[in-house]
Amino acid sequence: MVLIILLAIAIYVVSYRLNKGENVYKFFITSVQNAYEKYAPYSFKEVRQKTKELGREYTTKQYAVQIAIIGGFAGVISYLYFYNILVTVIYVIVAIAFIPYLAYLRCQKVYSEYIFEQIQIYTTNVIMEFNTTQSFVKSLEGVRDSGILLDPVLADVKTMIDMSYQNGTIDESIEYFNAKYPFYMVKNMNQLFLQITKEGAKDSGEALENMALDIDALVEGVYRDQMDRVEFHRKFLTFGVALFFLVLAMQFLLGQDDYIELLDMWYVQIILHLIIIINAYFLLSGEKFYNEDVGVE
């Protein structure tokens with residue numbers, strides 16, 4: 001414990017000297033963010049920027065709290081497993097190093113939810129516009145000019161319009177949009193408009209009304225799935241964290257002194273490391289499932 005305190009003091013002093021008195025945790029977070037911005041994939045930079053625009057990016061204080069919670073949890077667990085300060089410090093550093101990955105997953109979730117909302121607006125309003133214009137391209141232009149769509153979906157709708165006029169057909173523009181947004185309701189709606197345009201259907205009102213009802217049902221299902229994911233996430237984290245504390249049951253059954261004696265055996269050490277790694281992988285896999293593909297049917 002004394003070593004951990006001395007290490008923390010050393011990090012604080014070095015950070016303070018390097019940053020000329022600025023708040024240390026703010027300096028640490030800023031340094032990590034700057035490094036991340038430099039090396040992060042361009043596509044994710046766009047995702048993170050949109051998360052900031054939506055006001056859902058973590059503040060510096062929230063990141064600092066996350067570091068304290070995850071680092072503290074890793075320190076407690078690793079010390080209970082090994083009673084070794086050096087091993088504890090290593091696990092704390094490794095755990096904190098995963099925080100950017102957790103931020104990546106969270107931003108992807110926020111962005112996925114945003115895209116789904118935009119796609120819902122796109123499909124619903126194109127159908128409404130078509131009832132008035134009876135033209136798919138004119139419907140796209142109406143949605144484009146309405147001001148209800150935002151980038152990147154708005155930019156792709158503009159691309160669809162340009163491609164339709166350049167090619168004299170909507171086939172390529174529909175393929176382009178379907179590839180960018182592979183949602184079930186997008187493909188079905190665009191396929192319906194493609195069929196109406198090519199076959200020249202005179203009365204498309206009933207088909208479009210049924211399509212609108214299908215979209216409403218899909219949207220309801222997606223939002224229900226999101227609520228189910230929140231409940232699953234809460235139970236999953238509770239179960240995953242509890243798994244780490246099974247070592248306490250082992251120490252209670254064996255006795256702490258006998259447990260510490262077991263730590264002298266190299267294969268016991270390997271087994272304990274594997275338990276921590278497998279449990280951590282289990283938690284990360286659950287986080288990935290919770291945050292990915294929100295709104296994709």
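Reckoned from all heavy atoms, side chains included, excluding hydrogens, waters and symmetry mates.
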For [X] and [Y], which heavy atoms make the closest approach, and how far apart are they?
| X | Y | value |
| --- | --- | --- |
| Q120 | T123 | O-OG1, 3.1 Å |
| I119 | V186 | CG2-CG2, 3.3 Å |
| V110 | L54 | CG1-CD1, 3.9 Å |
| F130 | S135 | CE1-N, 3.4 Å |

Between [Y] and [X], is the closest basic N to carboxylate O distance under 4.0 Å?
| X | Y | answer |
| --- | --- | --- |
| D162 | K158 | no |
| R106 | E57 | yes |
| E113 | R56 | yes |

I'd like to check I93 versus I90 (side-chain heavy atoms, cut-off strictly below 4.5 Å). Are they in contact? no
Give the C-alpha distance, both sets of side-chain angles, the deciding distance and a yes or no for ring-ring contact (aromatic ring centres under 6.0 Å, His included) between F244 and F73. CA-CA 10 Å; F244 283 102; F73 178 76; 5.6 Å; yes
Would you check if there is a donor-acceptor pair between the side chains of [Y] and [X] at a distance under 3.5 Å?
| X | Y | answer |
| --- | --- | --- |
| N291 | Q108 | no |
| Y101 | E287 | no |
| T169 | D171 | yes |
| N188 | D214 | no |
| Y79 | N84 | no |

Give the intermediate values and the outcome of side-chain contact (heavy atoms from CB on, under 4.5 Å) for residues T88 and Y83. CA-CA 8 Å; T88 297; Y83 291 95; over 6 Å; no
Which distance, rounded to the nearest 0.5 Å, do you find between the [atom1] of [X] and the [atom2] of [Y]?
| X | Y | atom1 | atom2 | result |
| --- | --- | --- | --- | --- |
| I161 | F136 | CD1 | CZ | 9.0 Å |
| N167 | E172 | CG | CD | 4.5 Å |
| Y281 | L274 | OH | CG | 14.5 Å |
| T133 | E141 | OG1 | CD | 9.0 Å |
| K138 | S164 | NZ | OG | 11.5 Å |

Shared hydrophobic cluster, L194 / M163 (ILVMFWY, side-chain heavy atoms < 4.5 Å): yes
Please identify which of these residues, F177, F183, Y181, meets the ring-ring contact (aromatic ring centres under 6.0 Å, His included) condition with Y122. F177
Please say which of W266, Y81, F82, Y267 ends up in a ring-ring contact (aromatic ring centres under 6.0 Å, His included) with H273. F82
With I121, the side chain to side chain contact (heavy atoms under 4.5 Å, CB included) member among V126, V153, L149, L150: L149
Tell me, with the steps shown, if L237 and Y290 meet side-chain contact (heavy atoms from CB on, under 4.5 Å). CA-CA 11 Å; L237 285 181; Y290 172 67; over 6 Å; no
One pair to check against ring-ring contact (aromatic ring centres under 6.0 Å, His included): F282 and F236. What are the steps and the verdict? CA-CA 10 Å; F282 175 71; F236 175 82; 4.8 Å; yes
Validation row, ring centre F232 to ring centre F289 under 6.0 Å: yes
Quick check on Y176: does its OH atom have over 12 non-hydrogen neighbours (other residues, nucleotides or ligands) under 6.0 Å away? yes
